[in-house]
Amino acid sequence: MEISTKQILKILYILSWIIFFGVCVEAGGFIFNAFFTLLLNPVGAKHFWQEVDLSSLYQYDHGYFFVETFLMSIVAVMRAWIFYLIIKILHDEKLNMTKPFSKEVGRFIFRISYLALFIGLFSWWGAKYSEWFIKQGVKMPDIQYLRLGGADVWLFMGVTLFVIAQVF
C-alpha cells in the first residue's frame with residue numbers, strides 16, 4: 001500500500017493542529033504568568049513556566065523582567081502564528097500539487113520567511129539580553145528553557161524561505 005500526497009498532507013494537518021495548540025498554550029502561559037507575576041503575585045517568578053525560575057531577574061528589576069518575558073512571549077506568539085498559517089493553507093486546500101507555483105503559495109512562503117526572520121531576531125535579542133543579565137550577576141536559566149535558543153537556525157530558515165519565495 002502506497003501513501004499518497006493527500007494522506008501525507010492530512011497527517012501534517014493533524015500534526016500542525018497539535019503543535020499549534022501546544023505553542024498557543026505556551027504563549028498564553030508566558031503572557032499570563034508575566035502579568036500575574038507583575039500585577040498580583042511576585043512569587044510567580046519562582047515558577048514562571050514549566051518550573052523556569054526567573055525570581056532573580058524579578059528581584060533585580062521588574063522592568064527587565066517585563067522586557068525578557070515580553071521577548072519570550074513575542075517569539076512564542078510568532079511560532080504559533082507560523083502554525084496558524086500552515087493550518088490555514090492546508091485547511092483551505094490552497095496547495096495544488098498539479099500547479100505548486102501559485103501566487104497563494106508564494107505569499108504563504110513569504111509570510112513564513114518573515115516570521116522566521118523575526119523569530120530569529122527576537123530570539124537573538126532575548127538570548128543576548130539574558131547573557132547581559134548573567135554578566136550583571138543575575139542567575140538566569142539557560143536560553144533553551146526560556147524558549148529563546150536557536151536564533152541562528154530561525155534566521156537561516158527565514159533567509160532560505162525568502163530565497164525560495166522569490167522563485168514563486
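Computed from heavy atoms alone, side chains included, the values below leave out hydrogens, waters and symmetry copies. Numbering of residues begins at 1 and proceeds along the displayed sequence.
- Using a 4.5 Å heavy-atom threshold, the side chains of L146 and L54 count as touching.
- No close placement of the W81 and F20 rings is indicated, their centers lying 6.0 Å or farther apart.
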Steps toward side chain to side chain contact (heavy atoms under 4.5 Å, CB included) verdict (S130, L148): CA-CA 10 Å; S130 184; L148 295 172; 5.6 Å; no
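- Under a 3.5 Å cut-off, the side chain of N41 and the backbone N or O of T37 do not form any donor-acceptor pair.
- V163 and L121 fall into different hydrophobic clusters, where Ile, Leu, Val, Met, Phe, Trp and Tyr side chains are chained together by heavy-atom contacts under 4.5 Å.
- Remark: side-chain polar atoms of S73 are paired, donor with acceptor, to backbone N or O of T69 under 3.5 angstrom.
- Closest approach of A151 to G120, counting heavy atoms only: CB-O, 3.3 Å.
- Two rings, from H62 and Y58, have their centers less than 6.0 Å apart.
- Atom CD1 in I89 sits 8.5 Å away from atom CD1 in I112 (nearest 0.5 Å).
- Residue F156 is not grouped with residue W154 when hydrophobic side chains (ILVMFWY) are merged at heavy-atom distances under 4.5 angstrom, including chains of intermediate members.
- Between Y13 and L9, the closest side-chain pair of non-hydrogen atoms is not below 4.5 Å.
- A donor-acceptor pair is defined here as one N or O able to donate and one able to accept, closer than 3.5 Å; no such pair exists between the side chain of D142 and the backbone of Y145.
- Aromatic ring pairs are classed by plane angle as parallel below 30°, tilted from 30° to 60° and perpendicular above 60°; the pair F36 and F32 is parallel.
- Between the CD1 atom in I82 and the CE atom in M78 there is a gap of 8.5 Å [rounded to 0.5 Å].
- Hydrophobic clustering, with ILVMFWY side chains joined whenever heavy atoms are under 4.5 angstrom apart, groups L12 together with I3.
- Here H91 contributes atom NE2 and Y84 contributes atom OH; the two are 10.5 Å apart, rounded to the nearest 0.5 Å.
- Annotation for I109 and A165: closest pair CG2-CB, 3.6 Å, computed over non-hydrogen atoms.
- Between the side chains of Y129 and W125, no donor N or O sits under 3.5 Å from an acceptor N or O.
- Using a 4.5 Å heavy-atom cutoff, the side chains of I119 and L155 are not in contact.
- Under a 3.5 Å cut-off, the side chain of S113 and the backbone N or O of F110 do form a donor-acceptor pair.
- R79 CZ to S123 OG: the interatomic distance, rounded to the nearest 0.5 Å, is 7.5 Å.
- By the rule that hydrophobic residues join a cluster once side-chain heavy atoms approach within less than 4.5 Å of another member, I164 and V159 end up as members of one cluster.
- L15 is not connected to I8 by any chain of hydrophobic side-chain contacts under 4.5 Å among Ile, Leu, Val, Met, Phe, Trp and Tyr, and they are in different clusters.
- Annotation: side chain of E26 is in contact with side chain of R147 (closest heavy-atom distance under 4.5 Å).
- With rounding to the nearest 0.5 Å, the separation of NZ in K139 from CG in D53 is 6.0 Å.
- Taking CZ of R111 as the start and OH of Y114 as the end, the distance is 11.0 Å to the nearest 0.5 Å.
- Side-chain contact between F108 and I86 is present, with at least one heavy-atom pair separated by less than 4.5 Å.
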Determine, step by step, whether F133 and E68 satisfy the side chain to side chain contact (heavy atoms under 4.5 Å, CB included) criterion, reporting the C-alpha distance in whole Å, the side-chain angles of both residues, the deciding distance to 0.1 Å, and the verdict. CA-CA 10 Å; F133 292 134; E68 186 72 10; 3.8 Å; yes
